[in-house]
Colleague: 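Have a look at this one.
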Amino acid sequence: MDLPEAAGSALRKSGSRLNNAVYDQLKDRLMEGTYAAGERLSAEALRVEFGISKQPVMEALRRLAGDGMVEIVPQVGSRVMTYHLREVADFYVMFGGFEGTIAGMAAQRRTNAQLEELDSISDRVDALRADADPGKRSRGYRVLNREFHHAIHAMAHSQIAAETSRRLWDLSDFLINTTGIPQPLSSALDGRHADHEQIREAIHAQDPECARREMERHIVTTVDVIHNEARAAENVDAS
């Protein structure tokens, strides 16, 4: 990803490279939860922060609107997209079906080298469970989780499926990290890793139906995990 050297630093690029750099920087912030759902995004403030003209900022915001992460309101400006709980649940049902299909394909087409890579990533997720820092657990899982699922996408040997899935994963990360939950998924790491192990075993066994079923369940239940963490956070605040 062609990002500036540090967040908030001036972008020393031009033309399409500058447009892509602004887009990549803002998308990364959105997926990391830097901005809250509904928060206003000032094109002028971003222009000043990056030390660039307004055009590449507006272009990036338009692209992010196409990704479903930003809402552009005529005569008002741009703000971080907000989704109702029902829409989020519907998304994960759709997402789960798609990822389940890919996992089934992966179980039939994977190579031994790809299995070794998946096993290595799983070992790193397992090691992360021992980290007591919720922030490191949350951030580390987001990164390793993407690696785990990308490895499965590669096993399917389908460029169309992998590219479509990448966009869905971007939106999933956005939805998870704009919930307002501190360190999302950090408390659910053990359960998420256990899900991964079921998926991994099915792929090793070349069992496409089991891989599909376990993957779909893993994705769809993300909504329940988010809700449980939100309720736990509310209880802590109330105590």
Side-chain angles (χ1 to χ4, degrees), residues 28-37 69 80-100 102-103 106 118-153 165-203 210-239:
D28 192 61
R29 290 182 182 184
L30 288 162
M31 291 193 300
E32 285 286 346
T34 302
Y35 306 118
M69 299 183 191
V80 179
M81 192 71 183
T82 300
Y83 290 97
H84 297 298
L85 292 178
R86 180 176 175 180
E87 292 178 300
V88 175
D90 288 347
F91 167 79
Y92 279 103
V93 169
M94 176 197 69
F95 188 26
F98 188 81
E99 288 295 295
I102 293 178
L118 188 67
D119 293 347
S120 175
I121 297 168
S122 183
D123 287 343
R124 290 159 63 198
V125 176
D126 189 31
L128 181 64
R129 295 164 57 208
D131 199 313
D133 185 328
K136 290 181 180 179
R137 286 164 62 90
S138 178
R139 167 64 182 171
Y141 179 70
R142 187 177 91 78
V143 173
L144 291 174
N145 187 50
R146 289 289 292 254
E147 288 186 22
F148 181 88
H149 288 280
H150 283 339
I152 294 174
H153 301 157
S165 184
R166 182 192 63 78
R167 291 193 292 269
L168 293 174
W169 272 103
D170 287 349
L171 186 55
S172 175
D173 280 347
F174 167 79
L175 291 172
I176 290 170
N177 285 286
T178 53
T179 57
I181 301 170
Q183 295 87 42
L185 300 186
S186 63
S187 67
L189 186 53
D190 288 349
R192 304 310 276 175
H193 177 62
D195 287 354
H196 282 185
E197 290 299 276
Q198 294 294 324
I199 296 165
R200 189 170 64 89
E201 288 175 10
I203 292 175
C210 182
R212 182 203 61 75
R213 183 177 63 251
E214 292 299 328
M215 177 65 82
E216 183 170 357
R217 182 184 61 80
H218 171 64
I219 298 296
V220 172
T221 55
T222 301
V223 175
D224 294 331
V225 173
I226 293 172
H227 289 172
N228 290 337
E229 288 196 328
R231 283 193 290 268
E234 290 173 359
N235 292 335
V236 170
D237 291 340
S239 62

Colleague: Measuring from His150:NE2 to Leu144:CG, what's the distance to the nearest 0.5 Å?
Modeller: 12.0 Å
Colleague: For the CE atom of Met81 and the CG atom of Leu175, what is their distance to the nearest 0.5 Å?
Modeller: 10.0 Å
Colleague: Is there a side-chain contact between Val225 and Arg192 in this structure, where contact means two heavy atoms from C-beta onward sitting under 4.5 Å apart?
Modeller: yes
Colleague: In this structure, which one of Val220, Ile152, Ile219 forms a side chain to side chain contact (heavy atoms under 4.5 Å, CB included) with Glu99?
Modeller: Ile219
Colleague: Only counting residues at least two apart or in another chain, list the ones meeting side chain to side chain contact (heavy atoms under 4.5 Å, CB included) with Arg213.
Modeller: Glu209, Cys210
Colleague: Do the ring planes of His193 and His196 sit parallel (below 30°), tilted (30 to 60°) or perpendicular (above 60°)?
Modeller: perpendicular
Colleague: Once rounded to the nearest 0.5 Å, what's the spacing between atom CG of Leu168 and atom CE of Met94?
Modeller: 5.0 Å
Colleague: Please give me the minimum heavy-atom distance between Thr221 and Arg217, naming the atom from each residue.
Modeller: OG1-O, 2.8 Å
Colleague: Please round to the nearest 0.5 Å and tell me the distance separating atom CD1 of Ile199 and atom NE2 of His218.
Modeller: 5.0 Å
Colleague: Counting C-beta onward and ignoring hydrogens, is there a side-chain heavy-atom pair between Asp28 and Thr34 closer than 4.5 Å?
Modeller: no
Colleague: Please find the pair of heavy atoms, one from Val223 and one from Ala89, that lie closest to each other, and give the distance.
Modeller: CG2-CA, 4.0 Å
Colleague: Are His149 and Met215 side-chain neighbours, meaning at least one heavy-atom pair lies under 4.5 Å?
Modeller: yes
Colleague: If you take all heavy atoms of Ala37 and Val80, which pair is closest and at what distance?
Modeller: CA-CG1, 3.9 Å
Colleague: Can you confirm whether Ser186 sits close enough to Tyr141 that some side-chain heavy atom of one is under 4.5 Å from a side-chain heavy atom of the other?
Modeller: no
Colleague: Please give me the minimum heavy-atom distance between Phe174 and Met69, naming the atom from each residue.
Modeller: CZ-O, 3.5 Å
Colleague: Considering only NZ, NE, NH1 and NH2 on the basic side and carboxylate oxygens on the acidic side, decide whether Asp126 and Arg129 come within less than 4.0 Å.
Modeller: yes
Colleague: Restricting to non-hydrogen atoms, name the atom on Ile181 and the atom on Ile226 that form the minimum distance, rounded to 0.1 Å.
Modeller: CD1-O, 3.4 Å
Colleague: Find out whether Tyr83 and Thr178 are in side-chain contact, i.e. whether some heavy atom of one side chain is under 4.5 Å from a heavy atom of the other.
Modeller: no
Colleague: For the atom pair CG (Asn177) and CZ (Arg142), what is the distance rounded to the nearest 0.5 Å?
Modeller: 6.0 Å
Colleague: Within the 4.5 Å heavy-atom criterion, are Gln183 and Asp133 side-chain neighbours or not?
Modeller: no
Colleague: Look at the side chain of Ser138 and the backbone N and O of Leu185, then say whether any donor-acceptor pair between them is shorter than 3.5 Å.
Modeller: no
Colleague: Measuring from atom CG of Asp131 to atom CZ of Arg137, what distance do you get when rounded to the nearest 0.5 angstrom?
Modeller: 7.5 Å
Colleague: Do you know the tightest heavy-atom contact between Ile203 and Ala211?
Modeller: CG1-CB, 4.1 Å
Colleague: Arg166 vs Arg146, test: side-chain contact (heavy atoms from CB on, under 4.5 Å). Steps then yes/no.
Modeller: CA-CA 9 Å; Arg166 182 192 63 78; Arg146 289 289 292 254; 4.0 Å; yes
